[in-house]
J.: 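Before I ask anything, here is the structure I am working with.
Numbering starts at 1 and runs along the sequence shown. Remember, it's a predicted structure, so these values are computed and weren't measured experimentally.
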Amino acid sequence: MTSFVSKTHNFQHEFEVAPIYSNASPNEALRDHHHSDAYLACDDEIPTIDYSLLLSHDTYQRSIALELLGQACEEYGFFYLVKHTIPDDALKNVLKGVSNYFDPTTIDERRIYSKKGSSDKIRWGLTTNAGENREFLKVIAHPQDQVPSNPSIISKIVEEYNNEMRKIVAELAKAMSKNLGFDENYIENAFNMNLGFDVVNVNVYPPNSKAKGDIGLSNHTDPGFVITLMQDVNGGLQILSHKGKWISVYIPHHAILIQLGDHLEILTNGKYKSHVHRVIVNNNKVQRISVVTLHGPPLDKFIVPASEFVDDENPQNYIGMTYKESLKANGNNEIDVKSSLDQIKLV
């Protein structure tokens with residue numbers, strides 16, 4: 001039987017990314033300590049969901065897993081997914097491929113994917129300032145894979161990774177649909193997920209081992225149905241809970257972090273909520289790689305709170321718009337996959 005974790009653990013990182021330590025003087029270290037105090041987070045538990053039990057033929061085991069998933073979605077909005085179907089070696093290969101791709105000596109090869117226009121299918125960037133410190137590559141992975149063909153290895157591993165992740169996301173959609181009291185295809189149909197707009201976002205924090213502040217990525221939520229995340233080392237990612245507490249994310253070995261997206265919140269009229277999160281680079285103590293996939297509906301899909309979640313006691317809390325309109329609401333491009341939840345909320 002699966003259960004919520006009683007204690008989070010920091011698992012030793014297994015991938016070939018060397019930690020980078022600061023050579024700060026005592027005075028600098030004291031200053032850095034005061035700066036980092038503003039971004040302290042607690043080690044409160046994060047739910048753990050056993051994926052294999054969601055698919056179990058044992059009715060009792062499956063019902064318990066569904067119940068725990070429902071609690072995680074409604075009370076947290078994020079959870080660790082364990083015993084999924086992506087092999088451990090496949091996860092390691094993705095992280096190794098990403099690490100190799102972000103070789104500091106080949107940065108000029110990546111600059112060709114710098115922002116060109118609103119129709120970009122691939123977007124590279126490197127930012128070092130007080131509010132953001134990371135190098136990233138965003139690629140549209142579905143419905144048509146746009147992963148860079150050079151080097152060919154990263155194209156292959158990211159494509160295979162996303163194909164497998166989409167299968168897991170489809171099963172989570174079925175399980176969540178059941179928990180909401182509907183047919184297992186409810187979310188699939190509401191989001192038309194077979195034609196969904198998926199963007200893979202790979203990040204290095206801090207870029208080239210240099211940062212100009214404590215923030216890797218500032219407070220934000222993410223659009224879409226769910227967001228899947230894996231990383232090579234623990235530390236840095238923090239999520240704001242329903243209770244208003246920042247929680248440090250320590251992803252167990254071979255687990256995937258699942259976060260609910262803005263558009264699941266909209267569809268359920270706030271029953272399930274997306275959560276604010278951020279990345280703290282912690283004064284260059286260690287470099288971190290993350291692979292984040294935002295799984296969304298098709299760009300032309302109109303998303304509005306479903307009638308099943310709206311009544312006299314629960315009035316409609318969000319306006320309706322297409323996914324494309326929501327991605328562009330703040331003047332961003334589709335490839336940016338930026339949240340516009342504040343503009344969509346009515347209250």
Side-chain angles (χ1 to χ4, degrees), residues 3-22 32-33 35-51 72 76-84 86-99 102 132-136 161 165 200-207 209 211 213-220 222 226-241 245-259 275-293:
S3 62
F4 286 167
V5 292
S6 58
K7 184 178 181 181
T8 53
H9 298 276
N10 196 345
F11 290 80
Q12 184 176 4
H13 129 66
E14 297 186 353
F15 307 102
E16 298 302 321
V17 179
I20 299 152
Y21 297 98
S22 169
D32 290 345
H33 172 73
H35 283 185
S36 61
D37 279 351
Y39 308 109
L40 292 178
C42 66
D43 291 340
D44 282 8
E45 67 181 25
I46 291 178
T48 296
I49 303 300
D50 187 326
Y51 180 76
Y76 287 80
F78 47 91
F79 54 89
Y80 301 135
L81 191 70
V82 299
K83 297 187 179 179
H84 52 78
I86 301 180
D88 197 31
D89 285 346
L91 298 183
K92 290 180 180 180
N93 287 339
V94 172
L95 290 167
K96 183 177 180 181
V98 170
S99 177
F102 282 112
E132 181 176 334
N133 290 274
R134 64 168 177 158
E135 182 179 357
F136 68 85
Y161 168 75
M165 191 64 78
V200 174
N201 181 11
V202 291
N203 305 280
V204 177
Y205 299 99
S209 311
D214 294 323
I215 304 295
L217 193 59
S218 61
N219 299 6
H220 67 285
D222 289 313
V226 294
I227 298 86
T228 57
L229 181 149
M230 69 167 182
Q231 60 188 15
D232 62 343
V233 296
N234 277 313
L237 180 59
Q238 300 174 350
I239 304 179
L240 189 64
S241 73
K245 298 170 64 177
W246 285 103
I247 301 176
S248 295
V249 175
Y250 301 122
I251 303 178
H253 173 70
H254 191 54
I256 297 166
L257 176 69
I258 307 292
Q259 295 174 268
H275 277 264
V276 173
H277 50 284
R278 66 189 182 190
V279 177
I280 307 302
V281 294
N282 198 26
N283 300 303
N284 298 13
K285 293 297 189 299
V286 66
Q287 188 178 63
R288 171 176 166 265
I289 290 174
S290 68
V291 180
V292 183
T293 308

J.: Minimum heavy-atom separation for Val233 to Gln287, with atom names?
T.: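 Result for this residue pair: CG2-O, 3.5 Å.
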J.: Taking atom types as modelled and ignoring hydrogens, do the side chains of Gln259 and His275 form a donor-acceptor contact shorter than 3.5 angstrom?
T.: no
J.: If I compare all heavy atoms of Phe102 with all of Phe136, which pair ends up nearest, and what's the gap?
T.: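 Minimum heavy-atom separation between Phe102 and Phe136: CZ-C, 4.1 Å.
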J.: Can you tell if the side chain of Tyr80 reaches within under 4.5 Å of the side chain of Ile251, non-hydrogen atoms only?
T.: yes
J.: Is it the case that Tyr250 and Asp43 place a side-chain donor and acceptor less than 3.5 Å from each other?
T.: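 The criterion, which ignores hydrogens and geometry beyond distance, is satisfied for Asp43 and Tyr250.
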J.: Is any side-chain heavy atom of Val82 less than 4.5 Å from a side-chain heavy atom of Ile49?
T.: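 No, their side chains stay 4.5 Å or more apart.
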J.: Is there side-chain contact between Met230 and Leu257, with heavy atoms separated by less than 4.5 Å?
T.: no
J.: In Å and rounded to the nearest 0.5 Å, what is the OG to CG distance from Ser290 to Asp232?
T.: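 One gets 8.5 Å once the value is rounded to the nearest 0.5 Å.
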J.: Supply the atom-to-atom distance Asn203 CG to Glu135 CD, rounded to the nearest 0.5 angstrom.
T.: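 Going from the CG atom of Asn203 to the CD atom of Glu135 covers 9.5 Å.
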J.: Given side chains that start at C-beta, do those of Tyr161 and Leu91 come closer than 4.5 Å, heavy atoms only?
T.: yes
J.: Anything under 30° is parallel, anything over 60° is perpendicular, the rest tilted; go ahead and classify His254 against His84.
T.: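 Plane angle between 30° and 60°, so tilted.
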J.: State, with a plain yes or no, whether a side-chain heavy atom of Leu229 is found less than 4.5 Å away from one of Ile256.
T.: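 Not touching, per the 4.5 Å side-chain cut-off.
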J.: Nearest 0.5 Å please: distance from the CD1 atom of Ile258 over to the CZ atom of Phe78.
T.: 13.0 Å
J.: Does the pair Asp44 and Lys245 meet the rule for a salt bridge (Lys or Arg N to Asp or Glu O under 4.0 Å), with working shown?
T.: CA-CA 9 Å; Asp44 282 8; Lys245 298 170 64 177; 2.7 Å; yes
J.: Return the CG to CG distance between Leu237 and Leu217, rounded to the nearest 0.5 Å.
T.: 9.5 Å
J.: State the CE-OG1 distance between Met165 and Thr293, to the nearest 0.5 angstrom.
T.: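 If we round to the nearest 0.5 Å, Met165:CE and Thr293:OG1 are 6.0 Å apart.
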J.: Would you compute the distance between atom CD of Gln238 and atom NE2 of His277 and round it to the nearest 0.5 angstrom?
T.: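 One finds 12.0 Å between CD of Gln238 and NE2 of His277.
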J.: Between Ile247 and Ser241, which heavy-atom pair has the shortest distance, and what is it?
T.: CD1-CB, 3.8 Å
J.: Any non-hydrogen side-chain atom of Ile215 less than 4.5 Å from a side-chain atom of Tyr39?
T.: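 Yes, close enough: below the 4.5 Å cut-off.
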J.: Arg278: which residues meet the salt bridge (charged side-chain N to carboxylate O under 4.0 Å, His left out) condition with it, sequence neighbours left out?
T.: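 Arg278: no salt bridge (charged side-chain N to carboxylate O under 4.0 Å, His left out) contacts found.
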J.: Please find the pair of heavy atoms, one from Ser248 and one from Ile46, that lie closest to each other, and give the distance.
T.: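 That closest heavy-atom pairing would be O-CD1, 4.0 Å.
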J.: For a 4.5 angstrom cut-off between non-hydrogen side-chain atoms, does Ile239 reach Val276?
T.: no
J.: Do you know the tightest heavy-atom contact between Asn133 and Tyr205?
T.: O-CD2, 3.4 Å
J.: Report yes if some heavy atom in the side chain of Val291 is under 4.5 Å from a heavy atom in the side chain of Val200; otherwise report no.
T.: yes
